[in-house]
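Remember, it's 1-based here, ligands and their atoms both numbered in the order they're listed. Sequential numbering from 1 along the given sequence is applied to the chain's residues. These figures come from a predicted structure and were not determined experimentally.
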Amino acid sequence: MLDLSTISVVDNHCHPIFQNQRMDTLQFRACFVEGNGPSFPERHLSNSVYYLWFLRQVAAFYGCEPTEDAVLATRNSMSTDALLERLFPPANIDTLVIDTGYPPSEECYPLERMGELGYCRVAKLLRLESLMQQLIVAYGDFDEVVERFSAEVSNVREHGYCGLKSIVAYRTGLNVSQWSKDQAAASFAVARAKAVQDGKLRIAHKPLLDYLLHIAFSKAAEQGLPVQFHTGYGDSDTDMRLGNPLNLRDVLERNDYQTMQVVLLHESYPYCQLGAYLANIYPHVYFDLSYTIPFVEKLEMLAFTRQAISVAPASKLMYSSDSVRVPEMHWVGALRGRSVIAQVLDEMIDADVIDKEQAVHIAQQVLHDTAYAVYRL
Ligand SMILES: [Zn+2]
């Protein structure tokens, strides 16, 4: 088996962890569930192969019994600092590219400290829908919101971000359309009324959301900036039909957007072949291979990794964990990403498709180099 442990990973899509890592069983299980309702953590998670595998890995690493209770007791006996100090260095992480849009910042452990204790760099992404929501809650005038939004997405690197992130897939869909200013303003009036009434907003107002996204896309193109799109599975409020990356066609075809790098997150699962194919035909499209979330087991990971490496150039593929809430995910994602990619490359060596030197180069690109170039780390 190829040994990829010396390749440090750029985790091109992950999230902060909770400040407070002391959890009871249901709180811990909830970190591993995307499905709605209490029945998943209570009754179904312990029958999910990915969770059983996860518990075995963590138990072996902590040196405790391979049971949920023992894992919880062990991690609850450690501070958050101690967990990070133990887990992150052996994961050999070069950079964490963090979407700060979730969990809410007041619940999160400080990002800089994650970097310090993990001996890794931390780079941030600006989540577009969060910015939109803040502005719509704060300002009652449509033109003012548009102006402030444009300003925020104009000098993104100067503001400390290495790219943008959109969750439009699970709000109004990836079929981002063209709307007139009047249509967007009418949509704004509805959103703003809701924001005033509730003191907060969950933006799902299509003409307004699409209109603001097009502003962000043209600014991203001007700056040569990557924009991550949630695609496929990964959140329970998604309409999976609209998370198919083929819905992005109108955006991908736009001549004036060709200098914005589009990153399709979560291997577009289960639209993996389609996403990899887009990365193979559009020069500015990249494909993210995520090894903790979506919550699928190794045979599925082998399948999407085979598809991606068989379809798209390695210079279009990049590793992530999509880890969130608990640091074991960032650790286990790096281990599993390396082992799945190694297994697929081994198959390709055995089949005399590539040689060992080429395999190591491909792994280096997927785990590190592609993201390094795209996010200009
Ligand atoms: Zn994510």
Side-chain angles (χ1 to χ4, degrees), residues 9-18 30-36 50 54 91 93 95-105 107-109 111 114 118 120 122-133 161-171 173-174 202-203 213 216 226-240 242-245 248 261-272 275 286-296 300-301 304 308 317-334 336-337 370-371 374-375:
V9 298
V10 174
D11 191 343
N12 102 96
H13 177 66
C14 61
H15 296 264
I17 60 167
F18 288 139
C31 297
F32 297 85
V33 168
E34 294 286 2
N36 271 326
Y50 68 80
F54 172 84
I93 299 166
T95 304
L96 299 168
V97 180
I98 297 190
D99 170 8
T100 56
Y102 183 81
S105 56
E107 295 173 24
C108 293
Y109 185 84
L111 300 185
M114 276 173 90
C120 58
V122 169
K124 288 191 300 177
L125 292 165
L126 175 62
R127 194 189 272 213
L128 292 166
E129 289 77 10
S130 306
L131 173 62
M132 293 174 193
Q133 290 169 177
Y161 298 97
C162 67
L164 306 174
K165 155 100 189 266
S166 173
I167 56 162
V168 70
Y170 55 89
R171 291 298 171 84
L174 290 171
R202 181 185 181 280
I203 190 169
L213 280 179
V227 181
Q228 295 186 344
F229 287 88
H230 173 104
T231 59
Y233 158 105
D235 282 272
S236 59
D237 51 354
T238 195
D239 178 342
M240 281 286 295
L242 298 174
N244 182 331
L248 279 170
Q261 293 94 46
V262 171
V263 182
L264 306 174
L265 293 180
H266 314 129
E267 58 269 351
S268 304
Y269 189 88
Y271 304 112
C272 310
Y286 295 81
F287 195 57
D288 162 59
L289 298 172
S290 178
Y291 291 95
T292 304
I293 298 175
F295 294 119
V296 297
E300 280 297 88
M301 292 181 181
F304 69 65
L317 303 174
M318 44 179 126
Y319 161 82
S320 81
S321 64
D322 196 15
S323 310
V324 59
R325 306 181 198 103
V326 294
E328 285 90 343
M329 284 191 188
H330 299 74
W331 166 78
V332 89
R336 187 157 243 196
T370 304
V374 167
Y375 299 98

Donor-acceptor contact below 3.5 Å, side chain H13 vs main chain D322: no

Donor-acceptor pair, side chain of Q228 and main chain of V263, under 3.5 angstrom: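 It does not hold such a pair.
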
Considering residues at least two apart in sequence or located in another chain, which fulfil the side chain to side chain donor-acceptor pair (under 3.5 Å) criterion with T370?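 Once residues adjacent in sequence are excluded, T370 has no partner under the side chain to side chain donor-acceptor pair (under 3.5 Å) criterion.
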
Are Y291 and F304 close enough that their ring centers fall under 6.0 Å? yes

Can you find a heavy atom in the side chain of V168 that is under 4.5 Å from one in the side chain of E129? yes

Check: V262 and V227 side chains under 4.5 Å, non-hydrogen atoms: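 The answer is no; the side chains never approach within 4.5 Å.
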
Check which protein N, O or S atoms are less than 2.8 Å from the Zn ion (ligand 1) and report how many there are. 3

